[in-house]
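Report on the following structure.
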Amino acid sequence: MKHYLQFSDFNADEYNYLFSRAAIIKGKFKSYEKYHPLFDRTLAMIFEKASTRTRVSFEAGMYQLGGSVVHLTTGDSQLGRSEPIDDSARVISRMTDLVMIRTYEQSKIERFAANSRVPVINGLTNEFHPCQILADIFTFIEHRGSIKGKTVTWVGDGNNMANTWLQAAELLDFTVHVSTPSGYEVDEKLAFGGRTPRPGCYKVFADPMQACKDADLVTTDVWTSMGYEAENEKRMKAFADWCVDSDMMAAAKPDALFMHCLPAHRGEEVMADVIDGPQSVVWDEAENRMHAQKALMEYLLLGRLDS
């Protein structure tokens, strides 16, 4: 049994398989081909952080694969009351086949997985967001082919997305250029679990324009992630020069793509003419959360399939 708690839980070969399966599964969806490999399987979705894309992509994806879904929040379960998470894991995993959790601390999802009899998927934590990067790389492959040897520029907060991009770069042999305001840097120790990363998998730039130079992909996120709302005013000032605009995109390669995991605040972390412009693939990226996650759920429950 495998869990998917951070991007580094899988190896490059497994990711190549998942990207291939996601393309096949997406093709079936686009051609209206019925495909129910997870018939009679149940996904439990646990939300301590609210979500639009995570809920819709997992719920719709599981139904499209022939399975069913149980949706839980802290307001309608014992998770938000007095029951230890270890006990919740033991109970929920006896009644379902797969669990997706969107929560705050990574330690909480790790405790749940340690006591679960079924695979557990990280739908987002403060530290990592592996399903989003899985979808982002799948989207890049769709548009530009292999990401190996390419340059991805991260502009903004050194958050869970940035941490996960660093893990992906080390595993899949590309480079991430990171540019964050002072005080909001990526925590290398957290991203790599205390290991020394592959040399050259990421580079740090004080100037976001320099970070964008010759990039194949420029990507960002909101300046104030969920759970950090009390810092919003401070962050608005600190991040003022880290708005992805047309000048930054012009510094990247002519065919560079722009991505954003959404929701987006036009005029803050990205200008409208970028996110709504011809280099933006954010809507493909959003849809691909569903297809990439379907491949992931299929793999966790059924292993590798030949067709």
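The basis for the numbers below is simple: all heavy atoms, side chains too, and nothing from hydrogens, waters or symmetry mates.
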Full working for side-chain hydrogen bond (donor to acceptor under 3.5 Å, both in side chains) between T180 and E185: CA-CA 6 Å; T180 70; E185 296 87 356; 4.9 Å; no
Could you check E285 against T139 for side-chain hydrogen bond (donor to acceptor under 3.5 Å, both in side chains), going step by step and ending with a plain yes or no? CA-CA 6 Å; E285 177 189 6; T139 305; over 6 Å; no
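- Aromatic ring centres of F29 and Y35: separated by at least 6.0 Å.
- V222 has its side chain out of reach of E268: every pair of non-hydrogen atoms, C-beta onward, lies at least 4.5 Å apart.
- F205 and V155 sit in two unconnected hydrophobic clusters of ILVMFWY residues. Membership requires side-chain heavy atoms under 4.5 Å apart, directly or through other members.
- Under a hydrophobic-cluster definition in which Ile, Leu, Val, Met, Phe, Trp and Tyr are linked whenever side-chain heavy atoms come within less than 4.5 Å, directly or via other members, M297 and F47 are assigned to the same cluster.
- Judged purely by atom type and a 3.5 angstrom limit, Y15 uses its side chain to pair as donor or acceptor with the backbone of F7.
- No side-chain donor-acceptor contact under 3.5 Å links T220 and E269.
- A continuous path of hydrophobic side-chain contacts links M45 to L301 [ILVMFWY only; heavy atoms under 4.5 Å].
- Side-chain contact between Y4 and P119 is absent, with no heavy-atom pair separated by less than 4.5 Å.
- A donor-acceptor pair is defined here as one N or O able to donate and one able to accept, closer than 3.5 Å; such a pair exists between the side chain of E127 and the backbone of Q106.
- The two atoms that bring N122 and C131 nearest to each other are O-SG, 3.6 Å, heavy atoms only.
- For K213, the NZ atom is loosely surrounded, since the number of other residues' heavy atoms within 6.0 Å does not exceed 12.
- Taking the six-membered ring wherever Trp is involved, the centroid distance between the rings of F10 and Y299 falls below 6.0 Å.
- Using a cut-off of 4.0 Å between Lys/Arg side-chain N and Asp/Glu carboxylate O, D216 and K253 are scored as salt-bridged.
- Interatomic distance, CG of D9 versus NE2 of H3, reported as 9.0 Å (0.5 Å rounding).
- Residue D241 holds its CG atom at 9.0 Å from CG of D207, rounded to the nearest 0.5 Å.
- Nearest heavy atoms, P197 versus E188: CD-OE2, 3.5 Å.
- In this model, no donor atom of one side chain and acceptor atom of the other lie less than 3.5 Å apart for N163 and Q167.
- For the atom pair M100 CE and L300 CG, the distance stands at 13.0 Å (nearest 0.5 Å).
- Between D86 and R111 there is a salt bridge, since at least one side-chain N of the basic residue sits less than 4.0 Å from a carboxylate O of the acidic one.
- A salt bridge between R304 and E14 is absent, with no side-chain N of the basic residue lying under 4.0 Å from a carboxylate O of the acidic one.
- More than 12 heavy atoms of other residues, nucleotides or ligands shown are found within 6.0 angstrom of CD on E229.
- M95 belongs to a hydrophobic cluster whose other members, connected by ILVMFWY side-chain contacts under 4.5 Å either directly or through intermediates, are V91.
- The side chain to side chain contact (heavy atoms under 4.5 Å, CB included) test with F138 is passed by exactly one of L18, N288, I133, D284: N288.
- Under a hydrophobic clustering in which Ile, Leu, Val, Met, Phe, Trp and Tyr are joined whenever their side-chain heavy atoms come within less than 4.5 Å, directly or via other members, M161 and L134 fall into the same cluster.
- Distance alone, capped at 3.5 Å, places no donor-acceptor pair between the E170 side chain and the C201 backbone.
- Pairing each heavy atom of V176 with each of A169, the nearest pair is CG2-CB, 3.6 Å.
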Starting from the C-alpha separation in whole Å, work towards a yes-or-no answer on salt bridge (charged side-chain N to carboxylate O under 4.0 Å, His left out) for E48 and R102. CA-CA 6 Å; E48 290 194 308; R102 183 178 172 96; over 6 Å; no
Pair N159-D221, side-chain hydrogen bond (donor to acceptor under 3.5 Å, both in side chains): steps then yes or no: CA-CA 9 Å; N159 62 9; D221 192 4; 3.1 Å; yes
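- Hydrophobic cluster of F39: no remaining members, since no ILVMFWY side chain lies below 4.5 Å from it.
- S88 and E83 form a side-chain donor-acceptor contact under 3.5 Å, judged by distance and modelled atom types alone.
- Aromatic rings from Y202 and H177 are positioned such that their centres are separated by 6.0 Å or more.
- Proximity of I147 to V152: side-chain heavy atoms (C-beta onward) are separated by under 4.5 Å at one or more points.
- Looking at Y17, its side chain does come within 3.5 Å of a backbone N or O of L305 through a donor-acceptor pair.
- The CG atom of L296 sits 12.5 Å away from the CZ atom of R21 when rounded to the nearest 0.5 Å.
- Separating the OG atom in S146 from the CZ atom in F174 is a distance of 10.0 Å, to the nearest 0.5 Å.
- Between M248 and C243 the shortest heavy-atom distance is CE-O, 3.2 Å.
- No donor-acceptor pair closer than 3.5 Å links the side chain of T42 to the backbone N or O of V69.
- Side-chain contact, T175 with T151: no donor N or O sits under 3.5 Å from an acceptor N or O.
- The nearest pair of heavy atoms linking T219 to H260 is OG1-N, 4.3 Å.
- With hydrogens and angles disregarded, no donor-acceptor distance shorter than 3.5 Å links the side chain of N160 to the backbone of H129.
- Using a 4.5 Å heavy-atom threshold, the side chains of L262 and W283 count as touching.
- W223 has its side chain out of reach of D157: every pair of non-hydrogen atoms, C-beta onward, lies at least 4.5 Å apart.
- In terms of hydrophobic clustering, with Ile, Leu, Val, Met, Phe, Trp and Tyr side chains grouped at heavy-atom distances under 4.5 Å, L98 and M290 are assigned to different clusters.
- Looking at R117, its side chain never comes within 3.5 Å of a backbone N or O of T96 through a donor-acceptor pair.
- The backbone N or O of F112 lies less than 3.5 Å from no partner atom in the side chain of S116, so there is not a single donor-acceptor pair.
- For R289 and T54, the side-chain atoms include at least one donor-acceptor pair closer than 3.5 Å.
- Side chains of K108 and N126: a donor-acceptor N/O pair is absent below 3.5 angstrom, by distance only.
- Taking CD from Q210 and OG1 from T153, the interatomic distance works out to 11.0 Å, rounded to the nearest 0.5 Å.
- When all heavy atoms are compared, the tightest approach of D40 to D97 is O-OD2, 4.0 Å.
- For the side chain to side chain contact (heavy atoms under 4.5 Å, CB included) test with I46, the passing option among I92, T103, V120 is I92; the others fail.
- In this structure, V99 and I121 have side chains that are not in contact, with every pair of non-hydrogen atoms separated by 4.5 Å or more.
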Derivation of the side chain to side chain contact (heavy atoms under 4.5 Å, CB included) call for E231 and T224: CA-CA 7 Å; E231 303 176 11; T224 307; 5.5 Å; no
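- Under the 4.0 Å criterion applied to side-chain N and carboxylate O atoms, E287 and K30 are assigned as salt-bridge partners.
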